[in-house]
Amino acid sequence: MVTLTRTTVAGRAKTRGRRHRGETLTKVLFVLPAVVAMVALFGYPVVKNLLMSLQDYGLKTFFTGVAPWVGLKNYSTVVTDKLFSDAMVNTALFTIGSIAFQFVIGLGLALFFHKKFPLSGLLRSLLLLPWLLPLIVSSATWRSILEQDSGILNRTLLKLHLIGDPVPWLNSPSVALIAVIGVNIWIGIPFNVTLLYSGLAEIPDELYEAGQLDGATGWRAFFHITWPNLRSVASVVLMLGVVYTIKVLDIILGLTGGGPANATQTLATQSYEKSFVDFKFGQGAALSNILIAISFVFAIFYLRGTRRAVDE
Amino acid sequence: MISKRIAAALAGATTVSLLLVACGDNGGQSPASSGDSVKSLTILDYYNNDPDKSLVQKGLDSCASKLGITIQRETVPGDTLIQKVLQQASSKTLPDVLMLDNPDVQQIAATGALAPLNDMGLNADGVIQGMVDATSYQGKLYGLAPVTNTIALFYNKDMLAEAGVQPPKTWDELKATAKKLTKPGRYGIAFNANATYEGSWQFLPAMWTNGGDETDLTSPQVAEALQLWVDLVKSGSASKSVINWTQGDAKDQFAAGKAAMMVNGPWQIPALEKVPNVKWDVVTFPLNKPDQTPVAPLGGEAWTVPLNKDQAKQQKAADFVKCLNSDENELAWAKARFTLPTKTALLDQYAKEVPSMKAFAEQVKTARARTGKLGDKWPDAAKVIYQAIQLALTGKASAQDAFKQASGG
């Protein structure tokens, strides 16, 4: 729609005066809905969140409207909190662990499905299922699967004699983070497979045929043809993955609620807890701004990366 | 050209409608009805599931017809009530009558959102002291709870008979009994020790009965109580999963025959009645030393009246709360909903009529309110309690050190 208008506008550039003003108005009217939506749905919350993080915004504020300015006190409080460094480390482990495995497994499956075989289409669409389930449903289901005594995972492993004692998946501070990352990997695989598969489909078959003549098959074909051509898609997948994963909240809340003994607290769960359990909305906002800032850094990397790809 | 104009007009219309949507929320509120005749009241509560929802509705309806008004009731899920109240507070659309969980009353009263009930002809005469503490703030009464509840020890009669043991009366007996009742696929006891206020609530019978106090969480009495939880889990008499279980999970374990005893409240009775092969009874929570008296926390919800510019409406709302707290309604709700009346005078009669609630009726008389001593500072203490429980049960700290670690900055 937009490009269509542009060409007509360009074609009539010579006609000036009233008509020109009308054109400008039309343009403005076209842009307006988007601007209003952006300002109302993105601009306002971001600005409000920034302001909130500089205020003593508590339970009382909702009733009295009074929120004294406290400068950067909320930031210093949350950063010096004893859980902050744990939450930072957990956020990093959670993000890196999830992304690494999601990507590698996703790429493997995408390559596998790229070789056409009977029922590959059906299997590939079944693979999307984890993505279609509401997160709160998947986390409740996984919670019962990972239950220490009667969960199906431990029972199966015990029956197969792979473990001697039930694994305390969600009950031990040293295992819980691994279990939570595992569930998040499961949820993220479809996203990776779908995007990487479409990236693979874009690579022209001629390249492989030409490569074959030069003796590039198997791994060599992957490293010299597939990977270079897939790189731009891969960087999009990884960057979006980071931005999605770093703020994951519902899966962790559903599985462990940040426990046991705060072993699975991340910046996102901490921010939620400060705001909606402790009702210290100023501190919650400060934490979520830190989270936004980290995502923003990755977003900039992503934008620069894609711009360079376009320039090339 | 024409189509372009239409498109532009449509684009403009979209903007207008977006703006309208944004403003729509404020348009709905009609100006406060002035004058003497109050025709209707709005009510907000969190009994959003049957049977509670319709049983509460009956009580509300009968009071509405007594006062000659109609009611508009809204119910929301329990964990979203406070968020809803905050939203309504900032948009000045609080209901005329508001139900609050009793430990939240002081916190909301501290914000200045609620009307003191004493000024409108209400009092808490004859109400158990624990509940009066919970619903008062700085010497004024802000809410009245018609019914209350607490937690005690449920046990599976068949399993105890089979093992040849009596329901435990002391902590040593509790540990021994739980151990004896544990077999493959079954735990001696189930309770909730998760990292929420619910986990703190379940710990209070042990902590308070042993003389522990939320004003000094590093006392040896509190540590001893925590040691009881640790012993039960370490010995294998309780599942390691208790650190993730809710009270509902504990009930599910008990109902499935996977736990021989559980710490839980009477609101689980309707669910237990659906599994008739599980024969159960309830005793008060065991004591550490025989000369102690059991002290359990008080549950249940209070009805409050948010401040209203319309004085007549506020008075009518107060009258409505008074009616909900009449003897008649207290008994009706208590019987129908497996809760307990909050007036001491009604408790004995009630225990005779509903024998399954006998242990709870006993517990309630001596029960304490969570906010009784700390008021609106209770949530901070409750957080330290559940974090200490988590530290101790996961072996990250000993019961003696856990509270120091959890509270130390």
Side-chain angles (χ1 to χ4, degrees), chain A residues 1 4-5 8-9 19 22-23 25-37 40-41 44 58-65 80-83 143-144 146-151 166 168-174 176 255-263 265 273 275-279 281, chain B residues 1 4-5 7-15 17-19 21-22 79 82-83 85-91 94 107-108 110-113 185 187 194-197 239-244 253 256 258 306-307 376 379-380 383 386-387 389-397 405-406 408-409:
Chain A
M1 195 67 174
L4 216 158
T5 331
T8 31
V9 169
R19 173 165 284 186
E23 299 274 357
L25 182 68
T26 313
K27 275 191 257 176
V28 169
L29 281 178
F30 266 111
V31 174
L32 206 56
V35 170
V36 169
L41 300 176
Y44 174 72
L59 206 56
K60 251 186 188 149
T61 310
F62 287 87
F63 299 92
T64 57
T80 52
D81 190 291
K82 63 185 155 129
L83 279 178
R143 208 173 87 108
S144 69
L146 296 172
E147 220 277 329
Q148 185 170 353
D149 305 312
S150 46
W169 294 113
L170 301 175
N171 297 337
S172 153
S174 45
L255 282 171
T256 62
N262 292 320
Q265 292 281 7
E273 210 176 294
S275 294
F276 296 107
V277 180
D278 301 348
F279 300 123
F281 289 90
Chain B
M1 194 63 206
K4 212 169 83 188
R5 281 236 177 103
L10 275 177
T14 317
T15 316
S17 55
L18 267 172
L19 287 170
V21 168
D79 52 349
I82 293 293
Q83 286 171 43
V85 169
L86 295 181
Q87 270 171 23
Q88 293 182 330
S90 58
S91 62
L94 280 170
Q107 235 184 339
I108 302 295
T111 67
Y187 284 105
N194 69 9
T196 68
Y197 295 143
S239 167
K240 286 195 169 66
S241 302
V242 293
I243 54 170
N244 280 319
Q253 298 288 324
K258 288 185 170 182
L307 277 178
D376 56 342
D380 299 334
K383 203 167 176 184
Y386 70 66
Q387 290 193 333
I389 297 173
Q390 293 262 312
L391 287 172
L393 289 187
T394 54
K396 282 189 129 186
Q405 251 190 58

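So you know, we letter chains A, B, ... as the sequences are listed, proteins then strands, and number each from 1. We use all heavy atoms of the structure for the numbers below, so side chains are in, but hydrogens, waters and symmetry mates are not.
- Annotation: ring pair (Phe, Tyr, Trp, His ring centres under 6.0 Å) contacts of A:Phe62 (sequence neighbours excluded): A:Tyr57, A:Phe281.
- One distance of note links CD of A:Gln148 with OG of B:Ser239; it measures 6.0 Å at 0.5 Å rounding.
- Note that the CG atom of B:Asn194 and the OG1 atom of A:Thr256 stand 11.0 Å from one another [nearest 0.5 Å].
- Residues satisfying the salt bridge (charged side-chain N to carboxylate O under 4.0 Å, His left out) criterion with B:Lys383, sequence neighbours excluded, are A:Glu273, A:Asp278.
- No part of A:Pro168 comes within reach of chain B, as not one of its non-hydrogen atoms sits under 4.5 angstrom from that chain.
- Only the side chain of B:Ile82 comes within contact range of chain A, with at least one heavy atom under 4.5 Å from a heavy atom of that chain.
- Residue contact with chain A, scored on non-hydrogen atoms closer than 4.5 Å, involves the backbone and the side chain of B:Gln107 alike.
- The distance from the NZ atom of B:Lys396 to the CG atom of A:Asn262 is 7.5 Å, given to the nearest 0.5 Å.
- For the set A:Thr64, A:Leu170, A:Val28, the count of heavy-atom pairs under 4.5 angstrom toward chain B peaks at A:Leu170.
- Both the backbone and the side chain of B:Lys240 come within less than 4.5 Å of a heavy atom in chain A.
- Among A:Asn171, A:Leu59, A:Val35, A:Leu255, the residue with the largest count of heavy-atom pairs under 4.5 Å with chain B is A:Asn171.
- Remark: the backbone N or O of B:Leu94 is not paired with any side-chain donor or acceptor of B:Gln88 at under 3.5 angstrom.
- Of the atoms belonging to B:Ala195, not a single heavy atom falls under 4.5 Å from chain A.
- Both the backbone and the side chain of B:Leu86 come within contact range of chain A, with heavy atoms under 4.5 Å apart.
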